[in-house]
Amino acid sequence: MPPESDPPRDADLNALLHAQRQAWLREPYPQWEARAGHLKALRALLLTHGDALAEAINADFGQRAKAETLLCELVLARQEINAALRHGPRWIKPRRRSAGKWLLPGRARVVPQPLGVVGIVAPWNYPVQLAAGPLICALAAGNRAMIKMPELTPRTSALFAQLIGQTFAPDHVAVVNGDASMGAAFTALAFDHLLFTGSTRVGHAVMRAAAANLTPVTLELGGKSPAIIAPDMRGARFDHAVDSLLTGKTLNAGQTCIAPDYVLLPRGLEDAFIARARQRVARLYPDFAQNRDYTSIISAQHFARLQELARQAQAAGAQLHPLVDIDPNDPALAAQRRFVPAAVTNAPADCALMQEEIFGPLLPLAPYDTLDDALRHINVRPRPLALYLYTGDKSTIDRVTRETVAGGMTINDTLLHNAAEGLPFGGVGASGMGAYHGHDGFLTFSQLKPVFQQSRLNARNWVAPPYGSRFERVIRMMLRW
């Protein structure tokens with residue numbers, strides 16, 4: 001871990017932004033070869049130092065398996081870089097557009113142009129991937145970037161800052177670290193675009209800060225992402241649905257913005273779900289108390305928050321069903337911040353567990369009588385970041401796809417729409433705005449400049465003053481055709 005240094009002050013942040021903007025003005029449109037070199041340098045950084053980054057993340061969490069970090073952070077970043085290198089030369093080309101018959105023989109095109117300096121705020125749950133992912137898109141689009149790393153992962157944030165500093169000039173890519181006050185100062189900078197990943201609560205403050213500068217924002221927030229088990233999922237298909245949901249829910253101990261937050265399932269299947277879920281967790285994490293594949297909760301404060309969500313729900317009449325044979329209140333587990341995964345039944349709709357994003361391994365079960373009821377349950381609530389559907393019926397897939405609004409959707413699995421190379425990732429409504437990943441990320445960090453080129457021979461003067469009989473004949477023709 002590099003030595004600690006004093007965090008930059010507001011004046012330093014403004015100076016850094018100014019230096020990056022001046023550098024961009026000197027080279028406002030990098031050729032693809034230069035952009036590809038930057039992407040390859042970032043890829044080499046991640047692959048060369050992947051073990052060190054995984055060790056830092058493990059130390060910050062208290063326990064997170066190296067395999068989980070390599071899979072969820074470095075593999076995804078490498079895939080994103082490789083896709084950008086493969087498709088980038090096509091992305092940057094101007095695209096011809098129709099000028100319309102009345103402007104012929106003039107020509108129209110759209111030219112993707114770098115915005116300038118991009119601000120990126122990364123969260124603590126996947127600190128490397130959610131810093132590198134937006135950076136990949138920004139570099140492919142030809143921008144400079146400043147990154148605010150999360151304060152809850154100090155070792156990872158410091159190491160990432162050191163590695164970026166060794167790889168890029170500070171007027172190209174720079175990392176700043178600090179507490180919430182530093183984050184507030186960072187989001188108040190006059191970036192050309194700001195991407196924030198974090199909670200909906202903080203997202204409100206980020207959008208207010210950006211509005212002062214009219215900075216366009218991409219907000220990747222959270223919310224309560226539902227999973228629907230359709231009535232046709234019986235027997236082995238039901239077991240598959242439960243297994244899949246528990247795999248997605250326990251990854252990173254549920255500290256994933258697109259983790260399934262609650263399950264809508266046909267009434268009467270709650271006991272079957274819990275029994276199968278216990279089998280699945282036992283298979284995923286044998287000897288739970290000592291298992292090194294299960295991730296700790298990031299901090300004592302977040303551990304206590306999950307305990308309070310469970311306590312309040314139980315006080316309101318909910319039942320907690322631990323999914324491992326161990327006392328969830330064991331002080332040894334609390335000392336390791338190892339939160340026992342649990343299903344929850346009969347949680348009242350107005351309790352905090354059913355109102356707030358859980359961000360942990362508590363999984364409420366919400367029974368429904370008809371699919372209409374399940375869809376109504378989703379549609380009267382804020383729009384989620386992700387929606388999961390388990391069904392073998394095409395008409396059900398079509399209906400749920402059409403009749404719900406969510407940031408993204410995976411059918412018969414969890415989380416994987418986020419890993420699909422060609423799909424955008426983003427929220428809608430309370431779960432965010434805008435999207436990135438792949439070509440959509442390139443577009444997010446580009447100005448798609450419309451360009452019309454007039455022909456030397458044209459009819460512009462036919463519709464210019466003074467308006468007379470010729471204008472009247474032309475305008476009647478235009479209105480008729």
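Note that the numbering runs from 1 along the sequence shown for the chain.
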Name each donor-acceptor pair under 3.5 Å that joins a side chain in residues 50-59 to protein atoms two or more places apart or in another chain, with its distance.
unit_1 : atom_1 : unit_2 : atom_2 : d
D51    : OD1    : K66    : NZ     : 2.9
N58    : OD1    : R64    : N      : 2.8

**Q.** Matching residue for T295 among E68, Q63, R337 - test: side chain to side chain donor-acceptor pair (under 3.5 Å)
**A.** E68

Q: For the pair E308 and R311, find out whether any cationic side-chain nitrogen is under 4.0 Å from an anionic carboxylate oxygen.
A: yes

**Q.** Expected output: side-chain T187 to main-chain A184 donor-acceptor under 3.5 Å
**A.** yes

Q. What is the ring orientation for F442 with W91, classed by angle as parallel under 30°, tilted 30 to 60°, or perpendicular over 60°?
A. tilted

Q | Pairing of E421 and R86 as salt bridge, 4.0 angstrom limit | A | yes

In residues 220-233, what donor-acceptor pairs under 3.5 Å come from side-chain atoms, sequence neighbours left out?
unit_1 : atom_1 : unit_2 : atom_2 : d
E220   : OE1    : G427   : N      : 3.4
K224   : NZ     : D261   : OD2    : 2.3
K224   : NZ     : L353   : O      : 2.8
K224   : NZ     : E356   : O      : 2.6
S225   : OG     : A386   : N      : 3.1
S225   : OG     : A386   : O      : 3.3
D232   : OD1    : T391   : OG1    : 2.6
D232   : OD2    : T391   : OG1    : 3.4
D232   : OD2    : G392   : N      : 2.8

Q. Are side-chain heavy atoms of L194 and V206 found at a separation under 4.5 Å?
A. yes

**Q.** Lys/Arg N to Asp/Glu carboxylate O, R278 vs D325, below 4.0 Å
**A.** yes

Q: Any ring pair (Phe, Tyr, Trp, His ring centres under 6.0 Å) involving residues 290-335? Give me the pairs, sequence neighbours left out, ordered by first then second residue.
A: W124-H302, Y285-Y294, F288-Y294, F303-F339

Q | Interatomic spacing from CD1 in I397 to OH in Y390 - rounded to 0.5 Å | A | 12.5 Å

**Q.** Inter- and intrachain pairs under side chain to side chain donor-acceptor pair (under 3.5 Å), touching residues 425-443, at least two apart
**A.** none

Q. Are R376 and D372 ion-paired here, with the side-chain N under 4.0 Å from a carboxylate O?
A. no

Q) Given H193 and T218, is the side chain to side chain donor-acceptor pair (under 3.5 Å) satisfied, shown in steps? A) CA-CA 8 Å; H193 195 100; T218 298; 2.8 Å; yes

Q: I would like to know whether R43 and N82 meet side chain to side chain donor-acceptor pair (under 3.5 Å); could you show each step before the answer?
A: CA-CA 9 Å; R43 181 176 64 187; N82 290 348; 2.7 Å; yes

**Q.** Within residues 38-88 or reaching into it, pairs that qualify as ring pair (Phe, Tyr, Trp, His ring centres under 6.0 Å) - sequence neighbours excluded
**A.** H38-H172

Q | Contacts of Q166 that satisfy side chain to side chain contact (heavy atoms under 4.5 Å, CB included) - sequence neighbours left out | A | Q162, L163

**Q.** Heavy-atom side-chain proximity of F359 to T256 below 4.5 angstrom
**A.** no

Q.
For the residue pair N346 / Q319, report whether a side-chain donor-acceptor contact shorter than 3.5 Å exists.
A. yes

